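Report on the structure given below.
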Amino acid sequence: MPVPAEVQEKVDALRELLHHHAHRYYVLDEPEIPDAEYDKLFRELQELEELHPELLVPDSPTRRVGAKPLDGFAKVRHKVPMLSIRTETDIAASGARNFDARVRRELGLPESGPPIEYVAELKFDGLALNLRYENGVLVQAATRGDGEIGEEVTQNIRTIGQIPLRLPQDAPPVLEVRGEVYMRRDDFEKLNAQQREKIAQGARNEKTFVNPRNAAAGAVRQLDPGIARRRPLSFFAYGWGEVTPLEQGGPEFTTHFEALLTLRAWGFPVSARTQMAIGAEELVAFHQAVGRERDSLPFDIDGVVYKVNSFALQKQLGFVSREPRWAVAHKYPAQEQVTTVESIDVYVGRTGKLTPVARLAPVFVGGVTVTNATLHNEDEARRKDVRVGDTVIVRRAGDVIPEVVTVVPEKRMHEALLFTMPRQCPVCGSQAVREEGEADYRCTGGLFCGAQRKQAILHFAQRRAMDIEGLGEKLVDQMVEGNVIKTLPDLYRLGLAALCSLDRMAEKSAQNVLAALAGSKQTTLPRFLFGLGIRHVGEATAKDLSRHFGKLDAIMEAGVERLLEVPDVGPVVAQSIHTFFQQAHNREVVEQLRACGVCWEEGEPAARVPKPLAGRTVVLTGTLPTLSRDEAKDLLETAGAKVTGSVSKKTDYVVAGAEAGSKLDKAKELGVTVLDENGLKELLHGRA
Ligand code: IVH
């Protein structure tokens, strides 16, 4: 039965619309319609295609989903070989000048002549792809393979929203676009979190991925497109293969940059960071600028690529073996390296937190030599299953603390034991405990623990706290190890003789330290509070507390409720402050410090903020239009309300957003006042 003309028209119109919106969403990142609206159009098309299978075409937006698993990948011979690219060996930014000098030499241009025009691009760390379009329709996607023969991965590539399935009218009859398929870092983190969840629930054949590149490669080569679709991939175009020649109606380009702009106009994602660079110095500047931005990019790059812009010059330069002379890759220091674990030590922090640290055979990674990598906590160390003697991949990106990404299991030659956190502090031998719901073990030794004492003193003395100049790590180590100092007030009881008895402490420097100590006594309340090292009390909180209470005694006497009145102080922080000052030994330390002459000017307490909702109980349910759940909770708590999870007769208000479920029903049943977001705002302003 022929398909009625109006159905065909409807289907065409839906496809047109969906192509348009997919491009807005995936490529431009500027959707015009909500997701739900898109899904509705999509389902409408799906239904029509199901009713009339004869209408199905390979570039229908519905073809992004639902293909069947394959037994293997077909081989594809590339019409135009996929070349590799030469790498500049000088990794410094100035290495870019070598490329320019070589190009000029090969073109026979004098050193002082006009500069050459280049295009500077990012070197995306993914997988190269060739996308073949015939008459504007995506007909084949293939991996690079050995450059001559790749694998056909069309089904999987169709699932990538950023890759157009069809091109506009003005695209040539044959067009092969080349670029990199990659996974964004946030998508990678999400994927790995899901994988961990599956493994935790007992899934056998699941694993986490080492890095976004591997995750992307795994997804592209996934035989089941259903699985590939759930692995979020992205794409950047940076080149092309076979294209209809000009004589047969193909495009008329004369430069690389112009061609990239046209690809963008045809719907391909071209990186916004791609730019023209005139002469060597602009290449150097590009390498430097991208080097600074590298860690904040949403995806991994391993370098930049420079390309001669003019096709005429490219042609003149030609190739050496399989590498064009007109392009070069200029890398950055690798952010991942392989090394071995020599031991796993446990580090004791200022608050007694025990952190397992892998001691590594030194490796140069991310631009520095790394010898330690944090394993965060016991669970993390066991999850990664890092053992002494293991070969591991370490990663250091930017200023981030080096991390063990994964163990290389094939290299494990020995039977080392799984890591367990010692139940005793490795420094003082006190019991180490892990509180319920916490990931960390803590030493219970407090200031009895040498490690905690050292750090507590260093914290107290630091510039942003009591600012005691000259009281550095080496000196504090000696003081604590020699038992010269047991508590903070001991600092102010130090005499010249005791100081001079320490190693390498001449009388002059000892006098300087004493003068610094004396000078530090006159301080401010925020500095003093911060210096005490109360858990969760940073500089900002110390300032907030001082401003709110004015006087130290008021803070020391405040209960949790009063502490919660301080702006930005939540339940965890309030509890921590309260517990700290409840301890007799902490009060004693404060007392003695004051007795030693530590002083500050006290102020008046801030006017008490009104608490319009004190004593009221509120339940939040559903999704509010503008406020997140946490924001709404914060606002309510600041206004004095108690926010609970279930509706009862004691509930004063239920704030309900979209898709509110049983809690809303319960509220109606009990006759509890129900508010929407606007109602909530009025309530907060005391107008309800
Ligand atoms: S151009 C003739 N441009 O790097 C030049 N490649 O080492 C062919 N790559 O296989 C490649 N970003 O997978 C080019 N902006 C970029 C690139 C890029 C990443 C990858 C690509 C290629 C490999 C060459």
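In this text, all values refer to a predicted model and were calculated from it rather than measured experimentally. Numbering of ligands and ligand atoms starts at 1, following listing order.
- Nearest heavy-atom pair, Arg15 versus Ser60, reported as atom, atom and distance to 0.1 Å: NE-OG, 3.4 Å.
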- Message: Quick one, Glu16 with Arg166, criterion salt bridge (charged side-chain N to carboxylate O under 4.0 Å, His left out). Give me CA distance, side-chain angles, the key distance, then yes/no.
- Response: CA-CA 10 Å; Glu16 207 57 55; Arg166 93 156 59 152; 3.2 Å; yes

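- Only the side chain of Lys307 comes within contact range of ligand 1, with a heavy atom under 4.0 Å; no backbone atom does.
- Neither the backbone nor the side chain of Thr87 has any atom closer than 4.0 Å to an atom of ligand 1 (non-hydrogen atoms only).
- Ring-plane geometry between Phe99 and Tyr118 is classed as tilted, the angle between the planes lying from 30 to 60 degrees on a 0 to 90 degree scale.
- Using a 4.0 Å cut-off between heavy atoms, Ala327 makes no contact with ligand 1 at all.
- Within ligand 1, counting atoms from 1 as listed, the ones closer than 4.0 Å to a heavy atom of Ala128 are 10 (O), 13 (O).
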- Evaluate the ring pair (Phe, Tyr, Trp, His ring centres under 6.0 Å) criterion for residues Tyr182 and Phe236: first the C-alpha distance (whole Å), next the side-chain angles of each, then the deciding distance (0.1 Å), finally the verdict. CA-CA 8 Å; Tyr182 66 95; Phe236 275 127; 5.1 Å; yes

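- At a heavy-atom cutoff of 4.0 Å, ligand 1 is contacted by the side chain of Arg144 but not by its backbone.
- On a distance-only criterion, Glu180 and ligand 1 share at least one N/O pair closer than 3.5 Å.
- In this structure, Thr274 has no heavy atom closer than 4.0 Å to ligand 1.
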- Message: Show, in sequence, the C-alpha distance, side-chain angles and deciding distance for Asp390 and Lys384, and conclude whether the salt bridge (charged side-chain N to carboxylate O under 4.0 Å, His left out) test is met.
- Response: CA-CA 11 Å; Asp390 275 348; Lys384 288 188 176 157; over 6 Å; no

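- Looking at ligand 1, you'll find an N or O of Phe124 within less than 3.5 Å of one of its N or O atoms.
- The number of heavy-atom neighbours closer than 6.0 Å to CZ of Arg86, taken from other residues, nucleotides and ligands shown, is 12 or below.
- Scanning the protein for heavy atoms near atom 8 (C) of ligand 1, the closest one is Leu83 O, 4.0 Å.
- The closest protein non-hydrogen atom to atom 24 (C) of ligand 1 is Ile85 CG2, 3.0 Å.
- Between Glu152 and Arg132 no salt bridge is recorded (no basic side-chain N to carboxylate O distance below 4.0 Å).
- Put simply, the residue from Val243, Asp170, Leu246, Leu175 that forms a side chain to side chain contact (heavy atoms under 4.5 Å, CB included) with Pro251 is Val243.
- For atom 11 (C) of ligand 1, the closest non-hydrogen atom on the protein side is Tyr238 CE1, 4.1 Å.
- Considering backbone and side-chain N/O atoms, Lys123 comes within less than 3.5 Å of an N/O atom of ligand 1.
- Of the protein's heavy atoms, Pro324 CG, 3.4 Å lies nearest to atom 2 (C) of ligand 1.
- For Glu121, every heavy-atom contact with ligand 1 shorter than 4.0 Å involves the side chain, none the backbone.
- One finds a salt bridge joining Glu281 and Arg97 here, because a Lys/Arg side-chain nitrogen approaches an Asp/Glu carboxylate oxygen to under 4.0 Å.
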